[in-house]
Protein chains: 2
Amino acid sequence: MEKKPDHCRVEDALGILVGKWKPVILLYLLQEGTKRFSELKRNMPGITQKMLTKQLRELEEEDIIERVVYPQVPPKVEYSMTEYGRSLEPILEAMHEWGTRHTEHKMKKQIQVKSSS
Amino acid sequence: MEKKPDHCRVEDALGILVGKWKPVILLYLLQEGTKRFSELKRNMPGITQKMLTKQLRELEEEDIIERVVYPQVPPKVEYSMTEYGRSLEPILEAMHEWGTRHTEHKMKKQIQVKSSS
DNA sequence: CGGAATCCACGCCGATACTG
DNA sequence: CAGTATCGGCGTGGATTCCG
C-alpha cells in the first residue's frame, strides 16, 4: 500500500480525541460498556454537566458513541460505544502505553537536570 | 499484563500531538529526515514563523525532535526527529489510517442525509 | 535566515442558575 | 435525572513588526 500523507488525516483522528474529557469518557465506556449520564458524571470528578453533555454530543455526532433516551420520568439516557467507535481502541491503547513510557522518560530527564545543577 | 488505566496516560501522548501544525511537522520530518527551518516553512503553506518556531520548541522540549544551530551568517538551523521521537511513528500512522477511513465514513453519512431530505 | 515581541480574535472550558 | 442558557477567564493561534 502506497503511503501518501500529502493530505494528513492524522488531524481527523486527533480532532475526535481532543477535548478535555473525551479520552476518559471513551476509555470508561470501552471498559464498562453501557452507562447512564449520571454514572459517567459520577465517575469523572470535576466535570460539569455542561461539559459532559457537550463532549458526549460531539462524540455522538461522529458516530463514536450511541445515545439512547428512555421516554420516562425521571429521564434515563444511556451511552455506549458504537461498533465503529471501538475501532479507536487500539489507538487509545497505543497512546496510553506511549504516554506511560513518556512519563518515565520525563522523570529521568528531571533527575539529570537536578544532578547537573 | 494488567490493564490499569485508572491514571489515563492517553492525555500525555495527546498533549504532544496537539497543536495545529505538529502532526504535519512530525510526518514531514519522519519522511524527509533532517530539514532546515526555511524548508519546513516552505513546505507548510499558511504557517507563520511564530507558530513554526513555537511548535518546534514545544516538540524539542519533549525530546521528540532535535534542534541543531550552526553558528554562521546567515544562520542555519536544522531539525530532525530524535530516536525517541520516532517511537511516535506507529501511533501517527495508525491515526492517519483511522482518519482516512473516518473521512470515508462521514461521506457515506452525508449521502444518507441528502437522500432522506 | 531564523527568530523574538506585541496585539488581538476566537473558541474552549468552568461556574452558576434554571427547566421538563 | 438529564439536560439548556448565560457570563466570563484564559490559552491558542494569526498578523504584523523589529532584530542579530
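Numbered from 1 within each chain, the chains take letters A, B, ... in sequence-line order.
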Exercise for the section: Using a cut-off of strictly less than 4.0 Å between a heavy atom of the residue and any atom of DNA chain C, enumerate the qualifying residues of residues 44-57 of chain B by number. Expected result: B:Gln49, B:Lys50, B:Thr53, B:Arg57

Exercise for the section: Ignoring backbone atoms, test whether B:Trp21 places a side-chain nitrogen or oxygen under 4.0 Å from the OP1 or OP2 oxygen of D:dG14. Expected result: yes

Exercise for the section: Please state how far atom NZ in B:Lys35 lies from atom C1' in C:dG2, giving the value in whole angstrom units. Expected result: 17 Å

Problem - Crowding at CD, B:Glu61 (>12 non-hydrogen neighbours, <6.0 Å) - result: no

Completion exercise
Result for 5'-nearest mapping on DNA chain C, choosing between A:Pro75 and B:Pro75, is B:Pro75

Problem - Side-chain donor-acceptor contact under 3.5 Å, A:Glu62 with B:His105 - result: no

Handout entry: A:Arg36 vs D:dA2: side-chain N/O to OP1/OP2 distance below 4.0 Å
Key = yes

Exercise for the section: Classify the ring geometry between B:Phe37 and B:Tyr79 as parallel (under 30°), tilted (30 to 60°) or perpendicular (over 60°). Expected result: tilted

Practice task
State plainly whether the residues A:Glu78 and A:Arg67 are in salt-bridge range, i.e. N to O under 4.0 Å.
Solution key: no

Problem - Nearest-angstrom distance from the residue atom CD1 of B:Ile25 to P of D:dG13 - result: 11 Å

Completion exercise
From NZ of A:Lys41 across to C1' of C:dG14 the rounded distance in Å is 12 Å

Exercise for the section: Could you tell me whether the side chain of A:Lys76 and the main chain of A:Arg36 form a donor-acceptor pair under 3.5 Å? Expected result: no

Practice task
Report the residue (B:Gly19 or A:Val77) whose heavy-atom-nearest nucleotide on DNA chain D is the more 5′ of the two.
Solution key: A:Val77

Handout entry: For A:Val73, the rest of its hydrophobic cluster, which grows through side-chain links under 4.5 angstrom
Key = none

Practice task
Describe the nucleic acid contact of B:Tyr70 in one word from base, sugar-phosphate, nothing, applying a heavy-atom distance below 4.0 Å.
Solution key: nothing

Problem - A:Arg67 side chain near D:dG3 phosphate (N/O to OP1/OP2, under 4.0 Å) - result: yes

Problem - Between P of C:dC1 and CD of B:Glu78, the distance in whole Å - result: 15 Å

